[in-house]
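Heads up: the structure comes next, in structure tokens.
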Amino acid sequence: MAVTQRRGRRIMMTPGELDEFLTTQRTCRVATVSADGAPHVSTLWFAWDGMSLWLYSITRSKRWADLRRDPRVAVVVDSGEEYGELRGVELSGTVEFVGEAPRTGEPSPELDAVERLFARKNFSLAEMPHDGRHAWMRLTPESVASWDFRKLASL
């Protein structure tokens, strides 16, 4: 994963901070490009496995249709209320569709670990509940830009 930021290097997250942040946050904003070129942003829960961001999306959504047509994506995960608390990361690249679509729970060794992670993080369950409406996408970021305004106090 390439660090692409030129500005703000003094407030960017270290690899450890980035991993901790993505592991503990639940919600991201996913930006896609519609067929007519218009931007579309939607919110999803996600899981981070240390290398990739896993998105579990409804397969009948505009987001899913946009990414099927053009798999390029930008995702933002952020937190904070006051200016000095703001922190976040933008990850961009190309999504890969993984497993059956929609996901009904058929055995898929590639999804075992991420589904356990996602189920614990977002549902407080040991196993992933499958509803036959969602499916998985994996974003292994090609570029990453992060910020942590809490670091401004020490500059």
Side-chain angles (χ1 to χ4, degrees), residues 1-98 103 111 113-126 128-129 131 133-155:
M1 148 172 58
V3 175
T4 58
Q5 56 195 103
R6 294 182 187 148
R7 296 183 184 158
R9 284 192 176 271
R10 295 186 305 178
I11 62 167
M12 69 187 245
M13 293 183 199
T14 66
E17 291 167 340
L18 183 66
D19 191 56
E20 184 274 333
F21 183 73
L22 291 173
T23 299
T24 58
Q25 296 298 308
R26 289 175 71 176
T27 306
C28 67
R29 288 169 210 57
V30 179
T32 62
V33 179
S34 301
D36 65 0
H40 175 70
V41 179
S42 57
T43 304
L44 278 179
W45 281 349
F46 69 93
W48 172 252
D49 68 5
M51 296 292 292
S52 298
L53 197 74
W54 290 84
L55 305 167
Y56 195 56
S57 175
I58 291 179
T59 59
R60 295 182 62 117
S61 67
K62 179 172 178 29
R63 167 187 51 249
W64 185 269
D66 286 350
L67 290 169
R68 275 296 199 195
R69 189 185 37 44
D70 182 349
R72 295 174 300 160
V73 67
V75 177
V76 170
V77 180
D78 61 348
S79 70
E81 296 295 322
E82 301 297 324
Y83 183 80
E85 300 171 346
L86 299 177
R87 61 188 178 138
V89 60
E90 178 190 19
L91 308 107
S92 60
T94 302
V95 296
E96 299 172 71
F97 297 87
V98 181
R103 181 89 172 107
L111 294 173
V114 74
E115 287 188 339
R116 280 192 303 274
L117 177 66
F118 192 90
R120 277 193 310 270
K121 179 180 180 182
N122 296 307
F123 301 122
S124 299
L125 298 172
M128 185 74 182
D131 62 8
R133 300 178 333 142
H134 290 78
W136 287 104
M137 295 177 284
R138 175 178 51 214
L139 170 62
T140 303
E142 296 165 13
S143 65
V144 175
S146 66
W147 57 94
D148 186 345
F149 285 16
R150 299 173 307 171
K151 294 180 178 184
L152 291 171
S154 65
L155 296 180

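These figures come from a predicted structure and were not determined experimentally. In this chain, numbering begins with 1 at the start of the sequence shown.
Side-chain contact between Leu44 and Ser57 is present, with at least one heavy-atom pair separated by less than 4.5 Å. Looking at heavy atoms from C-beta onward, Asp70 lies out of side-chain contact with Thr32 at the 4.5 angstrom threshold.
Pairs passing the ring pair (Phe, Tyr, Trp, His ring centres under 6.0 Å) check and including a residue from residues 58-79, sequence neighbours excluded, read Trp64-Phe97.
Using a distance-only test at 3.5 Å, with no hydrogens or angles considered, no donor-acceptor pair links the side chain of Arg87 to the main chain of Gly80. A donor-acceptor pair under 3.5 Å is formed between the side chain of Lys121 and the backbone N or O of Gln25.
With values rounded to the nearest 0.5 angstrom, Met51 atom CE is found 7.0 Å from Thr140 atom OG1. To the nearest 0.5 Å, the span separating CZ on Arg150 from CE on Met13 amounts to 7.0 Å. Between the CZ atom in Arg116 and the CE atom in Met128 there is a gap of 12.5 Å [rounded to 0.5 Å]. Note that CG of Asp49 and CH2 of Trp54 are 6.5 Å apart. Values are rounded to the nearest 0.5 Å. Within the model, atoms CZ of Arg120 and CG of Leu125 stand 11.0 Å from one another, a figure rounded to the nearest 0.5 Å. Here Arg133 contributes atom CZ and Thr59 contributes atom OG1; the two are 8.5 Å apart, rounded to the nearest 0.5 Å.
In plain terms, the two heavy atoms of Leu91 and Pro141 that are nearest each other are CD2-CG, 3.5 Å. Here the closest heavy-atom approach between residue Ala74 and residue Glu90 is recorded as CB-OE2, 3.7 Å. Here the closest non-hydrogen pair linking Val73 and Ala31 is CG2-O, 3.3 Å. Looking at every heavy atom in both residues, Val75 comes nearest to Cys28 through CG1-CB, 3.6 Å. The two residues Ser143 and Ser92 have their closest heavy-atom pair at OG-OG, 2.6 Å. Closest approach of Ala47 to Val114, counting heavy atoms only: CB-CG2, 4.2 Å.
Annotation: side chain to side chain donor-acceptor pair (under 3.5 Å) contacts of Ser42 (sequence neighbours excluded): Arg63. In terms of the side chain to side chain donor-acceptor pair (under 3.5 Å) criterion, residue partners of Arg29 (sequence neighbours excluded) are, by chain and number, Asp78.
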For Val30 and Phe46, what are the C-alpha separation, side-chain angles and deciding distance, and is it a side-chain contact (heavy atoms from CB on, under 4.5 Å)?
CA-CA 10 Å; Val30 179; Phe46 69 93; over 6 Å; no
Assess whether side-chain contact (heavy atoms from CB on, under 4.5 Å) is satisfied between Val77 and Trp48, documenting all intermediate values.
CA-CA 11 Å; Val77 180; Trp48 172 252; over 6 Å; no
Evaluation steps, side-chain contact (heavy atoms from CB on, under 4.5 Å), between Phe149 and Glu82:
CA-CA 10 Å; Phe149 285 16; Glu82 301 297 324; over 6 Å; no
Let's go through Trp45 and Thr27 carefully: what are the C-alpha distance in whole Å and the side-chain angles of both, what is the deciding distance for side-chain contact (heavy atoms from CB on, under 4.5 Å) to 0.1 Å, and is it a yes or a no?
CA-CA 5 Å; Trp45 281 349; Thr27 306; 3.7 Å; yes
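By the 6.0 Å contact criterion, CZ on Arg72 is open, its count of non-hydrogen atoms from other residues, nucleotides or ligands being 12 or less.
Note on Glu115 versus Arg103: salt bridge recorded, some NZ/NE/NH1/NH2 to OD/OE distance being below 4.0 Å. Salt-bridge annotation for Glu17 and Lys151: present, with a side-chain N of the basic residue lying under 4.0 Å from a carboxylate O of the acidic one.
Partner of Ser34 under the side-chain hydrogen bond (donor to acceptor under 3.5 Å, both in side chains) criterion, out of His40, Lys62, Arg69: Lys62 alone.
Taking the six-membered ring where the residue is Trp, Tyr56 and His134 present parallel rings, their angle staying beneath 30° rather than reaching 60°.
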